[in-house]
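The block underneath contains the structure these notes are about, expressed in structure tokens.
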Amino acid sequence: AYQTWAQQLSRMLSADSLVEAVSGYGVTNISHPIQGYIDYVNGHRRQLRWDYSWYTPAAVLILIGANDVFYHSHNSSFLSLYLELLNQVAHNYRRASPAVKIVNVCGGSINGLEPCGDIILA
């Protein structure tokens, strides 16, 4: 994980990082929707919920959407589900002070810049 963009960025900013990464997931049913898993420590088992008060980041960076490639080109379903994910993250950190910044990152994975237009719209 040392060479990932997330870790390189973390080192450049002298910041701590906590990465949640699941290969092949996205926000729509064309991939595997991540929304039902991100609130759990043990992902697929969904037995132990993550305690969002335990660790409050300054920012949450989201790079997702490339696995939803067939849903792009301003598809309202993708936009709706992407906004649902953003709202879920905002809700999870709603008590944070100062407020957690949500940063949307597009491009840089298998499908390159494909999801960028829709991510910008969201």
Side-chain angles (χ1 to χ4, degrees):
Y2 186 83
Q3 293 298 328
T4 65
W5 68 269
Q7 295 306 321
Q8 290 180 45
L9 182 61
S10 177
R11 287 191 302 277
M12 287 183 349
L13 297 173
S14 297
D16 293 329
S17 70
L18 183 101
V19 176
E20 181 173 346
V22 184
S23 180
Y25 280 64
V27 296
T28 68
N29 287 328
I30 198 86
S31 62
H32 299 284
I34 196 72
Q35 296 91 315
Y37 299 96
I38 64 171
D39 291 335
Y40 293 91
V41 172
N42 57 349
H44 296 295
R45 291 185 191 162
R46 298 187 210 186
Q47 294 170 329
L48 182 59
R49 292 187 73 82
W50 177 258
D51 178 0
Y52 286 94
S53 67
W54 174 78
Y55 176 83
T56 303
V60 173
L61 280 69
I62 298 174
L63 171 60
I64 199 164
N67 294 318
D68 300 304
V69 69
F70 297 114
Y71 272 89
H72 295 300
S73 300
H74 312 309
N75 181 290
S76 62
S77 178
F78 175 83
L79 292 173
S80 173
L81 292 167
Y82 190 83
L83 282 171
E84 177 185 305
L85 174 64
L86 297 181
N87 287 329
Q88 182 177 357
V89 172
H91 177 78
N92 289 340
Y93 290 108
R94 69 191 175 282
R95 293 186 178 93
S97 181
V100 174
K101 293 170 181 57
I102 300 174
V103 179
N104 301 286
V105 179
C106 63
S109 57
I110 294 170
N111 295 316
L113 302 176
E114 184 69 27
C116 289
D118 290 335
I119 288 169
I120 291 167
L121 280 175

Test the Arg94-Tyr52 pair against the cation-pi criterion, namely NZ or CZ under 6.0 angstrom from the six-membered ring centroid and within 45° of the ring axis.
no

Gap separating the OG atom of Ser53 from the OH atom of Tyr93, nearest 0.5 angstrom:
10.0 Å

Can you name the closest pair of heavy atoms from Gln88 and Asp39 and give their distance?
NE2-OD2, 3.1 Å

How about CG on Asp51, more than 12 heavy atoms from neighbouring residues, nucleotides or ligands closer than 6.0 Å, or not?
yes

For the atom pair CD (Glu84) and CD (Gln35), what is the distance rounded to the nearest 0.5 Å?
5.0 Å

What's the spacing between Leu81 CG and Ile34 CD1 if we round to 0.5 Å?
13.0 Å

In Å and rounded to the nearest 0.5 Å, what is the CZ to CG distance from Phe78 to Leu83?
9.5 Å

Given Val103, Leu18, Asn104, Val100, the one that forms side-chain contact (heavy atoms from CB on, under 4.5 Å) with Val60
Val100

When rounded to the nearest 0.5 angstrom, what distance separates CG in Leu86 from CD1 in Ile64?
10.0 Å

Relative to each other, are the rings of Tyr25 and His32 parallel, tilted or perpendicular (30° and 60° limits)?
tilted

Minimum heavy-atom distance between Thr56 and Ala96, given as atom pair plus value
CG2-CB, 3.5 Å

What I'd like to find out is whether the side chain of Leu9 reaches to under 4.5 Å of the side chain of Leu61, using heavy atoms alone.
yes

Between atom CG of Asn92 and atom CG of Asn87, what is the distance when rounded to the nearest 0.5 Å?
10.5 Å

Linked, directly or transitively: Val89 and Tyr55 (ILVMFWY side chains, under 4.5 Å):
yes

Within the supplied structure, the quantity of interest is the number of heavy atoms (other residues, nucleotides, ligands) at a distance under 6.0 Å from Arg95 CZ; does it exceed 12?
no

With a 4.5 Å cut-off on side-chain heavy-atom distances among I, L, V, M, F, W and Y, is there a chain of contacts connecting Tyr40 to Trp54?
no

Does Tyr37 reach the side chain of Arg46, with side-chain heavy atoms less than 4.5 Å apart?
yes

Derivation of the side chain to side chain contact (heavy atoms under 4.5 Å, CB included) call for Val27 and Ser31:
CA-CA 7 Å; Val27 296; Ser31 62; over 6 Å; no

Same cluster or not: are Val19 and Leu63 linked, directly or through other Ile, Leu, Val, Met, Phe, Trp or Tyr residues, by side-chain heavy atoms under 4.5 angstrom apart?
no

